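In this text the structure is predicted, and so the values were computed from the model without any measurement. When a ligand or atom number is given, it counts from 1 through the structure's own listing order.
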Amino acid sequence: MKPLNLSPSFEPPARRPAPLRFYGTFGPSCRDEKTFCTLLEAGMTGMRLNLSHGDLDRCADWLAAFRAAQTCCGVTADLMIDLHGPELRIGTLPKPLALSRGGRVRLAAAPAPDAIPVPAAVLDALTPDQPLLLDDGQIELRAVTCIADSVCCRVIRGGRLESRKSLALPGISLDLPLLTESDRHNLTLARTCGVTQVMMPFVQSGGDIRKLREILAESRLEELTIFAKIENRVGLDHLDGIIRETDWLVIARGDLGSALPLWRLPAVQKAVAARCRAQNCPFMVVTQMLDSMRRHPVPTRAEVCDVYNAVCDGAAALMLTGETAAGNYPAEAMRYLVRTATAEVVTL
Ligand SMILES: Nc1ncnc2c1ncn2[C@@H]1O[C@H](COP(=O)(O)OP(=O)(O)OP(=O)(O)O)[C@@H](O)[C@H]1O
Ligand SMILES: CC(=O)C(=O)O
């Protein structure tokens, strides 16, 4: 594997940007006024809407409840849209698929019983032995036979696969457009929906951010703050150019963790944080910060240490994803996030 062009630095942050920002993610567990009020009271400063799971117009009720909660709590919070962009995902499954180790499963571009729907570009790129990581690497497949419109895979690591989960092809970089048709449609609705920030997935260069700024300007959305997600090796290789162009950088550990051997993720996170600090670029750390709180009301010791370490490394924002979107304890998770991140330094 080519060495990453990043030198780690363990210098303490030059300054801790204040105040810290805290985000939750909309989803089935986080869509009513009461829940939003609890999150805002816990210290949340903004919500992210993941447009890979639904368009802005389909979420009108959620957005109305979020606005009502802000009025009720007497605060103003950010509304961030996370574009689909050049991100790879599987399509919609009629029902979740149970994949067992050693079993076989078919990938197809068109919906078919017992096949996993994937973009046609994925089928074109696959060759025998290519690994595929699904759902942030929880499930691993390996291509066995590849014919034009269908690929048969062996299940290396099994699990329960749900619709629209992430898909990564380690070692392959596909040439996909910066924005999808649905992204462009959502941008036309952004102003009326009160969007204040936009998150761009799989940023590959500073040029991607310049192009996004042009598109935002054409849509009279130049005031939106841009958050550039670093999610793969290409993004890491062009980090300085991206930092120069973006308003914020996002260390998006879900997809980034699938693009690298997972054990290298902590060192890479530290190195990206150091580069942001050196260039005075505010950055956000995201994904699985309190993942066990999807199922439990109290986080693990390792999770609270991860949150605190991210702040010590200079993160100016932290975001919860599945913990609020689809977890059983969204309010408790936000409370733990804010309290841990803002806990006083201890001198012994
Ligand atoms: N707008 C939405 N509508 C329906 N379900 C959603 C929505 N947003 C999130 N979810 C559910 O919550 C889960 C966690 O949300 P999250 O935004 O982290 O998605 P994700 O698929 O893990 O993508 P990413 O890697 O971009 O975080 C999703 O997998 C999905 O099941
Ligand atoms: C949130 C996200 O997109 C990631 O961590 O990959």
Side-chain angles (χ1 to χ4, degrees), residues 23-32 35-36 46-63 65-66 79-93 95-97 133-139 159-168 180 182-183 186 189 193 195 197-203 227-236 248-260 262 265-266 268-269 272 283-291 293-295 306 310 315 317-330 333:
Y23 292 80
T25 297
F26 287 96
S29 301
C30 203
R31 56 184 181 174
D32 62 82
T35 306
F36 294 133
M47 282 292 294
R48 154 192 179 246
L49 181 62
N50 187 347
L51 296 177
S52 294
H53 292 290
D55 290 332
L56 267 170
D57 36 9
R58 279 188 42 215
C59 298
D61 292 351
W62 298 5
L63 301 183
F66 183 42
L79 174 59
M80 177 189 286
I81 47 172
D82 191 352
L83 299 172
H84 190 285
E87 181 173 40
L88 289 176
R89 285 184 182 259
I90 66 160
T92 304
L93 296 166
K95 59 180 174 32
L97 211 53
L133 298 175
L134 304 175
D135 192 8
D136 285 351
Q138 296 298 317
I139 295 174
R160 185 174 186 271
L161 181 63
E162 295 181 17
S163 293
R164 310 214 46 75
K165 290 295 177 189
S166 64
L167 164 59
T180 62
S182 69
D183 286 332
N186 282 308
L189 304 171
C193 291
V195 172
Q197 302 178 324
V198 59
M199 205 175 232
M200 183 68 226
F202 285 89
V203 176
F227 286 68
K229 282 205 268 185
I230 300 298
E231 315 206 59
N232 62 12
R233 304 259 323 194
V234 188
L236 289 172
W248 283 70
L249 200 87
V250 181
I251 307 179
R253 305 185 303 181
D255 286 291
L256 193 54
S258 295
L260 310 162
L262 194 52
L265 182 64
V268 168
Q269 175 175 329
V272 175
F283 70 94
M284 168 190 272
V285 177
V286 54
T287 296
Q288 291 185 343
M289 301 223 76
L290 297 173
D291 191 61
M293 292 195 78
R294 288 177 71 143
R295 300 162 300 280
D306 178 45
L318 303 175
M319 187 168 87
L320 297 179
T321 54
E323 300 91 336
T324 56
N328 293 336
Y329 302 97

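- Of the polar atoms of Glu231, at least one N or O is found under 3.5 Å from an N or O of ligand 2, judged by distance alone.
- For ligand 1, the atoms lying closer than 4.0 Å to a non-hydrogen atom of Gly322 are 14 (C), 18 (O).
- Of the protein's non-hydrogen atoms, the one nearest atom 11 (C) of ligand 1 is Pro28 CD, 4.0 Å.
- The heavy-atom pair separating Ala310 from Val285 by the smallest distance is CB-CG2, 4.1 Å.
- Among protein heavy atoms, atom 22 (O) of ligand 1 sits closest to Asp136 OD2, 4.7 Å.
- Nearest protein heavy-atom neighbour of atom 2 (C) of ligand 1: His53 CB, 3.4 Å.
- Using a 3.5 Å distance cut-off with no hydrogens or angles, the side chains of Glu87 and Ser52 do pair a donor with an acceptor.
- Salt bridge present: Glu162 and Arg160 bring a charged side-chain N and a carboxylate O closer than 4.0 Å.
- Looking at every heavy atom in both residues, Leu56 comes nearest to Asn186 through N-OD1, 2.8 Å.
- If you number the atoms of ligand 2 from 1 as listed, the ones under 4.0 Å from a heavy atom of Arg253 come out as 5 (O).
- Counting non-hydrogen atoms of neighbouring residues, nucleotides and ligands closer than 6.0 angstrom, the CZ atom of Arg58 reaches no more than 12 such neighbours.
- An N or O contact shorter than 3.5 Å links Arg48 to ligand 1 by distance.
- Closest heavy-atom approach to atom 6 (O) of ligand 2 within the set Asp255, Ile251, Thr321, Ile230: this belongs to Asp255.
- Between Phe26 and Phe36, the ring planes lie perpendicular to each other; the angle is over 60°, past the 30° to 60° tilted range.
- Listed by atom number, the atoms of ligand 1 under 4.0 Å from Thr25 heavy atoms are 17 (O).
- Taking a distance limit of 4.0 Å, we find that atom 24 (P) of ligand 1 is approached by some protein heavy atom.
- A salt bridge does not link Lys229 to Asp255: none of the charged side-chain nitrogens sits closer than 4.0 Å to a carboxylate oxygen.
- Nearest to atom 15 (O) of ligand 1 among the protein's heavy atoms is Ala325 CB, 3.7 Å.
- Annotation: Phe26 places an N or O atom under 3.5 Å from an N or O atom of ligand 1; distance criterion only.
- For atom 1 (N) of ligand 1, the closest non-hydrogen atom of the protein is Trp62 CZ3, 3.5 Å.
- Taking distance alone, with nitrogen or oxygen atoms compared against 3.5 Å, Asn50 approaches ligand 1 more closely than that limit.
- In terms of protein heavy atoms, atom 5 (O) of ligand 2 is closest to Thr287 OG1, 2.5 Å.
- The proximity of Glu162 to ligand 1, defined as any non-hydrogen pair under 4.0 Å, does not occur for either the backbone or the side chain.
- Contacts between Ser52 and ligand 1, counted as non-hydrogen atom pairs separated by less than 4.0 Å, are absent for every part of the residue.
- With ligand atoms numbered from 1 in the order given, ligand 2 contributes 4 (C), 5 (O), 6 (O) to contacts under 4.0 Å with heavy atoms of Gly254.
- Of the protein's non-hydrogen atoms, Thr321 CB, 3.2 Å is the one closest to atom 18 (O) of ligand 1.
- Distances between N or O atoms of Lys165 and those of ligand 1 include at least one value under 3.5 Å.
- In this structure, the protein non-hydrogen atom closest to atom 2 (C) of ligand 2 is Lys229 NZ, 3.7 Å.
- Electrostatic pairing of Asp306 and Arg253 counts as a salt bridge here, judged by a charged N lying under 4.0 Å from a carboxylate O.
- For ligand 1, the atoms sitting less than 4.0 Å from at least one non-hydrogen atom of Ala326 are 12 (O), numbered in the order shown with element in parentheses.
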